[in-house]
Number of protein chains: 2
Amino acid sequence: MGRHAPEPGGAAVTTPTAGETAGSKSERAYAAIKEKILGGEYTPGYRLVLAKLAGDLGFSVVPVREAIRRLEAENFVTFERNVGATVAGIDPTEYLFTMQTLSIVEGAATALSAPLITASDIARARAVNAAMRESLDHFDPIRFTALNLEFHSVLFENCPNPHILDLVHRGWNRLQALRSSTFSYVPGRAKESVAEHEALLALLESGAGADDVERAARAHRAATLDAYLARRSPEQRAHVPVSASY
Amino acid sequence: MGRHAPEPGGAAVTTPTAGETAGSKSERAYAAIKEKILGGEYTPGYRLVLAKLAGDLGFSVVPVREAIRRLEAENFVTFERNVGATVAGIDPTEYLFTMQTLSIVEGAATALSAPLITASDIARARAVNAAMRESLDHFDPIRFTALNLEFHSVLFENCPNPHILDLVHRGWNRLQALRSSTFSYVPGRAKESVAEHEALLALLESGAGADDVERAARAHRAATLDAYLARRSPEQRAHVPVSASY
DNA sequence: GAGTACGAAATCGTATACGATCAGCCTAGC
DNA sequence: GCTAGGCTGATCGTATACGATTTCGTACTC
């Protein structure tokens with residue numbers, strides 16, 4: 001890589017022939033490991049050994065170590081001192097907590113975004129929802145989930161509070177880590193979800209108050225959780241410490 | 001200084017409560033730097049240089065580096081590649097976002113805890129609130145804040161969802177990092193806060209529904225933010241992107 | 001005089017090496 | 001046959017060393 005002479009003029013954002021210069025090795029290691037976890041290559045319980053990962057990636061152990069600590073902070077892996085890291089397991093209780101938390105923060109994010117949403121935003125969201133409706137015939141959980149994220153992302157774009165958005169994204173990440181599809185795929189739920197989306201859009205168009213919007217958005221997420229809980233046996237539900245929509 | 005910090009650091013909900021047995025140097029470095037930030041020794045904008053910190057602490061740069069990345073993840077410092085870390089600044093907008101987020105997650109945490117709260121819990125909280133009321137005469141923001149955290153900690157003890165509690169603790173941490181006292185000390189607000197605490201306890205005793213409890217708890221936090229906003233000039237408030245209680 | 005190009009110092013990013021700690025196994029004793 | 005103790009291998013924790021990148025000061029040119 002040759003030395004780049006500083007270009008005169010205001011081109012502060014230099015794009016040195018690289019569309020994918022993914023920053024430091026720590027970040028690349030983080031992305032690579034995360035991808036393998038989400039992709040299912042590293043299943044829950046898989047032992048993440050620093051030396052092995054470093055060898056596979058062609059890096060030293062230091063960036064890998066940093067990547068693992070970061071994944072630990074985001075709950076993708078569990079870490080034990082002098083022992084090592086393992087991929088976080090699939091835990092129904094954890095799924096429940098995550099969904100409940102999401103219902104709260106998504107509800108707030110939607111309510112905060114509502115006053116700032118434009119007709120164009122709603123049109124875009126409606127288009128995404130139409131794609132979701134069409135996909136119901138040949139149902140693909142992965143695609144449906146992706147469209148669902150896109151739908152809500154459009155609604156959240158105007159959210160003025162980045163902290164709330166960050167919490168939403170953390171929840172989404174965690175759901176992915178928990179392989180949400182294995183939990184959230186409940187027959188008939190997808191169709192309901194599309195209908196709820198349409199109702200939510202109508203509510204936003206009507207200029208409803210923030211309270212109503214929050215309630216609807218929260219209930220939307222909670223309904224998915226309820227559908228999941230309904231399929232579990234009463235004993236299983238018994239030691240579930242909370243209800244979906246309190 | 002009554003150290004009643006909620007849970008130092010651990011963003012992970014699976015934290016094994018690693019006792020107090022002077023863990024790894026990374027953890028000690030983390031604790032030491034965090035303490036200096038919160039204690040005011042490192043003021044916002046202070047440049048955290050790896051080599052210097054390592055020298056002061058007697059450690060190598062590696063544990064210090066890890067500590068800094070962890071502090072970055074918790075927003076105590078900002079980090080820029082190949083440049084370094086600086087202590088996060090006091091930003092009124094950031095304060096606003098944090099308070100708004102706290103109003104939401106604290107409201108949810110209180111509502112989730114409400115059905116499980118006992119008469120004994122309420123008695124303990126009432127005792128703490130009494131101490132707050134007494135402290136009004138010789139007001140000390142630090143002590144008042146500590147008691148306030150204790151009051152709400154009692155109410156949250158029964159919260160079944162650890163994720164929500166984690167979000168609350170993150171918010172509290174951030175407020176500390178922002179030196180909340182300089183913001184939140186508004187004449188008269190402390191007295192109102194004590195009264196609102198009493199009202200909240202009465203509501204809990206009455207067996208009110210989760211919705212009512214959530215609304216009250218959220219409004220309690222939002223009122224502090226409103227009091228802060230009310231003291232700012234209209235121009236300052238103009239580019240504040242959200243209102244406290246939406 | 002203003003702006004630009006160059007260079008040196010400072011700082012972070014990463015690699016390698018060694019020490020500390022833990023889990024599992026094997027052996028010896030009862 | 002069973003249990004207790006030590007041993008060994010594996011893995012993480014930390015230190016040191018070197019290379020890459022940025023920043024800031026300085027001299028030069030228009």
Side-chain angles (χ1 to χ4, degrees), chain A residues 1-18 20-33 42 45-73 76-88, chain B residues 9-10 12 14-16 18-33 42 45-73 76-88:
Chain A
M1 292 195 274
R3 208 164 60 83
H4 278 257
E7 301 293 338
V13 182
T14 58
T15 25
T17 333
E20 196 54 271
T21 46
S24 69
K25 294 192 179 179
S26 297
E27 289 173 34
R28 275 183 282 168
Y30 166 80
I33 297 171
Y42 296 158
Y46 184 91
R47 188 91 181 271
L48 296 171
V49 179
L50 287 181
K52 185 173 185 308
L53 290 174
D56 291 349
L57 292 167
F59 299 158
S60 170
V61 295
V62 180
V64 176
R65 175 188 169 86
E66 189 163 312
I68 296 221
R69 297 307 285 254
R70 202 167 141 196
L71 289 166
E72 184 208 6
F76 287 108
V77 307
T78 61
F79 191 85
E80 198 174 349
R81 182 173 172 195
N82 288 319
V83 173
T86 57
V87 176
Chain B
T14 57
T15 288
E20 195 55 87
T21 57
S24 67
K25 292 194 179 179
S26 297
E27 289 173 34
R28 275 183 283 167
Y30 166 80
I33 297 171
Y42 296 158
Y46 184 90
R47 188 92 181 272
L48 296 171
V49 178
L50 286 181
K52 185 174 185 308
L53 290 173
D56 291 347
L57 292 167
F59 300 158
S60 170
V61 295
V62 181
V64 175
R65 175 187 169 87
E66 189 163 311
I68 295 219
R69 297 308 285 253
R70 204 166 140 195
L71 289 166
E72 184 208 6
F76 286 108
V77 307
T78 60
F79 190 86
E80 198 177 350
R81 182 174 172 195
N82 288 319
V83 174
T86 57
V87 176

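Only this structure's heavy atoms are used, side chains among them; waters, hydrogens and symmetry mates stay out. Each chain gets a letter, A, B and so on, in the order its sequence line appears, and its residues count up from 1.
B/Phe79 meets the ring-ring contact (aromatic ring centres under 6.0 Å, His included) test with no other residue; sequence neighbours excluded.
Using a 4.5 Å heavy-atom threshold, the side chains of A/Arg69 and A/Glu72 count as touching.
Scanning both residues, B/Thr86 and B/Arg47, for their nearest heavy atoms gives CG2-CD, 3.9 Å. When all heavy atoms of B/Ser26 and B/Ala67 are compared, the pair lying nearest together is O-CB, 3.8 Å.
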- Would B/Val77 and B/Ile33 count as a side chain to side chain contact (heavy atoms under 4.5 Å, CB included) if you check the C-alpha gap in whole Å, the side-chain angles of each, and the deciding distance to 0.1 Å? CA-CA 10 Å; B/Val77 307; B/Ile33 297 171; 5.7 Å; no
- Note on the structure: Per-nucleotide protein contact along nucleotides 12-20 of chain C, 5' to 3', at a 4.0 Å heavy-atom cut-off (B base, S sugar-phosphate only, - neither), is SSSBB----
